[in-house]
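Working notes for the structure below.
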Amino acid sequence: MTALWVAVALVMAGFAGWPVTALVFRLARTIDDKADAAKAAEDARAAEEDPSADVTLDPVPDAGGGGGGQAVDNELTAAPGRTPSNAPAAGAAAPSQRILRGGAIIGVLERLGVCLAILTGQPVAIAYIVAIKGLGRFAELKETPVAAERFIIGTLTSMLWAAGTAAAVKVLFLH
């Protein structure tokens with residue numbers, strides 16, 4: 001019977017933890033979006049009150065005399081329909097890089113390891129799991145603040161879920 005409860009705990013910790021982690025990520029994104037919207041509204045209000053933020057656009061004739069460019073406070077900008085010289089070419093798409101690739105599989109393995117460590121009475125193994133995970137992601141976390149934030153949120157959520165599941169099974173069913 002003990003083996004059955006250990007198996008149930010591992011399945012619950014490893015695979016039911018993914019929706020919990022996804023929910024926490026969604027909540028974190030919602031909180032960030034609200035904070036960004038509030039900051040944008042505050043910046044807009046401050047810009048309305050700041051007289052130095054007044055920017056006017058005046059048409060500027062191009063070499064052919066046809067008004068093809070614009071001046072922002074008497075500074076030339078790129079003509080409509082043309083890209084500035086420092087902009088990427090229209091055909092070249094900006095490469096998008098996925099951050100923290102393989103995170104779902106790593107998360108399942110992490111939760112299984114944490115749950116197994118608690119069920120076997122070896123909580124020190126959790127430190128090894130965190131160390132291996134942190135060292136494996138160090139370069140990516142150092143380069144990208146978004147990745148670091150996501151790493152911390154995901155790791156804490158996964159570990160809390162796995163530890164809670166293991167503790168509940170151990171206390172309720174494995175005396």
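Taking CG from L27 and CG from L23, the interatomic distance works out to 4.5 Å, rounded to the nearest 0.5 Å. Note that CG of L116 is 14.5 Å distant from CZ of R111, once rounded to the nearest 0.5 Å. Atoms CG and CD1, on L109 and I132 in that order, are 11.0 Å from each other to the nearest 0.5 Å. Here the OG-CD1 distance, from S158 to I129, works out to 11.0 Å after rounding to the nearest 0.5 Å. Note: R26 CZ to T21 OG1 = 12.0 Å, rounded to the nearest 0.5 Å. The distance from the OH atom of Y128 to the CD atom of Q122 is 10.0 Å, given to the nearest 0.5 Å.
A cation-pi arrangement is found for K133 relative to F151, the charged atom lying closer than 6.0 Å to the ring centre and inside a 45° cone about the ring normal.
Judged as a ring-ring contact (aromatic ring centres under 6.0 Å, His included), the pairs with a partner in residues 4-42 (not counting sequence neighbours) are, in order, W5-F173.
M159 approaches I126 most closely through the heavy-atom pair CE-CG2, 3.0 Å. Shortest non-hydrogen contact noted between R137 and R101 is NH2-O, 2.9 Å.
Atom CD1 of I105 has 12 or fewer heavy atoms from other residues, nucleotides or ligands within 6.0 Å.
With sequence neighbours excluded, no residue forms a side chain to side chain donor-acceptor pair (under 3.5 Å) with D32.
Between K39 and E42, no side-chain nitrogen of the basic residue sits less than 4.0 Å from a carboxylate oxygen of the acidic one, so the salt-bridge criterion is not met.
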